[in-house]
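Below you'll find the structure, written out as structure tokens, and then a few comments.
Just follow the structure's listing: the first ligand is 1, and inside any ligand the first atom is 1.
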Amino acid sequence: MNIGRSVPIEMQRASYERTHGICVICGRPISRNESKWTVDHFIPRAVYKWVPDNKIKRITMSFHNLLIVHPHCNYNKGSVLPTNQMIDDLHAEEDVKQSLRTLYKKAESNIIRYRAIKQSTLDSQGRRCAVCGRRLPLNRAVMRRIDDTKVRERENAMCICEKCNLRACAAKRKGKMIRSRQEYSWHKGVRS
Ligand SMILES: [Zn+2]
Ligand SMILES: [Zn+2]
């Protein structure tokens, strides 16, 4: 889940228009009030962070990977990884689905690899949050580094629950906002 502060507002507005202000998850309208929006990265940014290569970051940050959805729909979705079935089930027009299918196809091997690292990490923790110890299903688990000064790899990974993650994020958010804003490729109307 991402509150969307890092995505440029013009990009968010174009994304909102693209789905006609309809939440692709529940099919209901979203308020025009921008403070009520959340940005869903259909292919999660975690995939490029943990399984980086030349293409995956561009795919994740591209305009067609962004969807404006309700905050509660975004939250309920948790950390579910995309599948073709999920794309079919979206409340969206065919052109939106088609561009997501194209992105998914390009990212599929990274997603599979990412899921394997996450599953292995969670299994090694007895399927419990590494911070609070609560039972943790794969789809609610957030993968983070144990040591933020070291690279992202299986040996430096831990799975934590969303509550513990929000607490950890709040502390780090401030300094990262400006940097990540510059990473989005903003090509309105250009297919990726
Ligand atoms: Zn919704
Ligand atoms: Zn926890």
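Draw a line from the Zn ion (ligand 2) to SG of Cys129 and another to SG of Cys132, and the angle between them is 100° (to 10°). Here the angle centred on the Zn ion (ligand 1), running from SG of Cys26 over to ND1 of His70, is 100°, rounded to 10°. Geometry note: the Zn ion (ligand 2) is the vertex, Cys161 SG and Cys164 SG are the arms, and the angle is 100° (rounded to 10 degrees). The angle subtended at the Zn ion (ligand 1) by SG of Cys23 and SG of Cys73 is 120°, given to the nearest 10°.
Atom CD of Glu94 sits about 9.5 Å away from atom OG of Ser99, to the nearest 0.5 Å. To the nearest 0.5 Å, the span separating CZ on Arg167 from SG on Cys161 amounts to 7.0 Å.
A side-chain donor-acceptor contact under 3.5 Å links Arg154 and Ser120. Between Lys55 and Asn110, the side chains place a donor N or O and an acceptor N or O closer than 3.5 Å (distance only, hydrogens not considered).
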